[in-house]
Amino acid sequence: MSEAAARFLAEEIKRKPDIVLGLPTGATPLGMYRELVTAHREGGLSFSSVRIFNLDEYYPISPRHPQSYNRYMWDNFFGRVDIAKENVHIPSGEVPARDIIKYCESYEKDIFACGGLDITILGIGRDGHIGFNEPGSSLSSKTRLKTLTQETISDNGRCFASLSEVPKFAITMGISTILSSRVIMLLASGRNKAEALAKAIEGPVTCEVPASSLQLHKEVVIIADEEAANALKRKKYHKFVEKMWLKDVWPGMLYK
Ligand code: PGA
């Protein structure tokens, strides 16, 4: 999964060096970031003109906190490649509460000013969330402050010293921000994502499964391992599609 995702991104970065990427955190994309770092160090892939907008950040949190998404991105990816600091945008977990609405609007404006998101990479939560768009998020939502669900707080609690330390809020791109991306790539690995992935791809479009909103988008690439794909009713067909695409179409047709 990680290799396929990194290969795809590397091709697109070569094709458009100043590409605008929406990037996720979490356990899922770690391997992809490792592969991209290797492509930089051993293959000369340059990120010097790539522009980044991260999907989300806890609120409140300091960018120096070891569990902040800011730290995650610099430790796992940005700090290991030639990315330009001024091209990196990560929602701030330190905006004063009274300024959050304005701040979120300015995050949206900054994306727009860069020409919009070219490719946005997503993980998927066990509850079907994308970014921190928890179940019930408006399908028209933009960047805003979200209150996390208990499930997310306990899933992410593994990274904090105790559950009480997990921030209860996040600033996240909205579902419509994500859907504005020209291409979306969703990554899923492991058995505990199987049900969410099946609901996202094969279930009805509903705010109860925010990832199901991707069905409304015209160019979504889903890269899943066997375990994450196990609950798909049409798994056989999806495999056939993959085989045919790898043979005849991939990657020339995607993302012009
Ligand atoms: P994970 O999180 O990659 O840590 O499983 C995915 C998500 O919550 O979007």
Side-chain angles (χ1 to χ4, degrees), residues 1-6 9 21-36 52-59 61 65-73 75-77 90-91 93 117 119-137 141 143-144 146-160 163 165-175 177-179 181 184-201 207-214 217 220-231:
M1 178 196 74
S2 302
E3 278 171 20
L9 270 188
L21 299 178
L23 292 183
T25 51
T28 309
L30 279 174
M32 176 188 77
Y33 291 136
R34 263 197 307 271
E35 293 292 327
L36 288 172
I52 308 283
F53 287 88
N54 259 76
L55 283 167
D56 47 17
E57 176 61 284
Y58 287 117
Y59 184 87
I61 202 163
H65 189 291
Q67 298 308 329
S68 76
Y69 287 167
N70 197 302
R71 267 289 283 282
Y72 170 108
M73 289 309 296
D75 289 353
N76 292 300
F77 184 38
I90 303 175
L117 297 160
I119 304 181
T120 298
I121 322 290
L122 303 171
I124 181 168
R126 288 190 301 128
D127 58 3
H129 71 218
I130 46 176
F132 268 129
N133 293 285
E134 301 283 34
S137 289
S141 51
T143 302
R144 71 213 183 288
K146 275 300 287 185
T147 312
L148 307 184
T149 60
Q150 284 306 320
E151 191 174 21
T152 299
I153 291 170
S154 71
D155 276 358
N156 294 11
R158 64 179 189 263
C159 310
F160 287 80
L163 272 191
E165 275 190 34
V166 186
K168 306 296 179 285
F169 303 93
I171 292 180
T172 181
M173 281 185 200
I175 293 180
T177 321
I178 292 169
L179 292 179
S181 184
I184 297 171
M185 187 160 76
L186 183 136
L187 310 179
S189 91
R191 182 174 341 151
N192 66 347
K193 299 297 173 67
E195 205 183 312
L197 188 67
K199 281 186 188 160
I201 301 178
C207 67
E208 289 307 308
V209 182
S212 67
S213 63
L214 302 182
H217 193 276
V220 179
V221 180
I222 296 179
I223 306 182
D225 66 8
E226 287 289 337
E227 288 196 326
N230 259 342

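Both ligands and their constituent atoms are indexed starting at 1 by order of listing.
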Problem set entry | Geometric N/O contact Thr25 with ligand 1, under 3.5 angstrom | no
Seminar exercise, completed: If we number the atoms of ligand 1 from 1 as shown, the ones under 4.0 Å from a heavy atom of Ala27 are 1 (P), 3 (O), 4 (O)
Exercise. Quick one: do the Arg144 and Ser137 side chains pair a donor with an acceptor below 3.5 Å?
Worked result: yes
Exercise. Which of these, Lys168, Glu134, Arg126, sits in a side chain to side chain donor-acceptor pair (under 3.5 Å) with Thr152?
Worked result: Glu134
Exercise. Taking only heavy atoms of His129, which atoms of ligand 1 are found under 4.0 Å from at least one of them?
Worked result: 7 (C), 8 (O), 9 (O)
Exercise. Does atom CZ of Arg34 have more than 12 heavy-atom neighbours from other groups under 6.0 Å away?
Worked result: no
Exercise. Would you call the rings of Tyr33 and Tyr72 parallel, tilted or perpendicular if under 30° counts as parallel and over 60° as perpendicular?
Worked result: perpendicular
For this session: Run the numbers for me: atoms of ligand 1, each under 4.0 Å from some heavy atom of Lys193, listed by number.
Result: 1 (P), 5 (O), 6 (C)
Exercise. Which one holds for Asp155 and ligand 1: side chain close, backbone close, both close, or neither close, with close meaning a heavy atom under 4.0 Å?
Worked result: neither
Exercise. Does even one non-hydrogen atom of Arg158 get within less than 4.0 Å of ligand 1?
Worked result: yes
Exercise. Are the aromatic rings of Tyr58 and Phe160 close, with centres under 6.0 Å apart?
Worked result: yes
For this session: Tell me which protein heavy atom sits closest to atom 3 (O) of ligand 1, plus the residue, atom name and distance to 0.1 Å.
Result: Thr28 OG1, 2.4 Å
Exercise. Is the number of heavy atoms from other residues, nucleotides or ligands within 6.0 Å of CD (Glu151) greater than 12?
Worked result: yes
Problem set entry | Within 6.0 angstrom of Glu195 CD, more than 12 heavy atoms from elsewhere | no
Problem set entry | atom 6 (C) of ligand 1 - nearest protein heavy atom and its distance | Ile124 O, 3.6 Å
Exercise. Quick one: does Arg126 get a heavy atom under 4.0 Å from ligand 1?
Worked result: no
For this session: Using a strict cut-off of 4.0 Å, indicate which atoms of ligand 1 neighbour a heavy atom of Gly26.
Result: 3 (O), 4 (O)
Exercise. Given the rule in the side-chain contact (heavy atoms from CB on, under 4.5 Å) test, do Ile184 and Leu179 qualify, once you have shown the distances and angles that lead to the verdict?
Worked result: CA-CA 8 Å; Ile184 297 171; Leu179 292 179; 4.2 Å; yes
Exercise. Which of the atoms of ligand 1 are close to Gly123, meaning less than 4.0 Å from one of its heavy atoms?
Worked result: 9 (O)
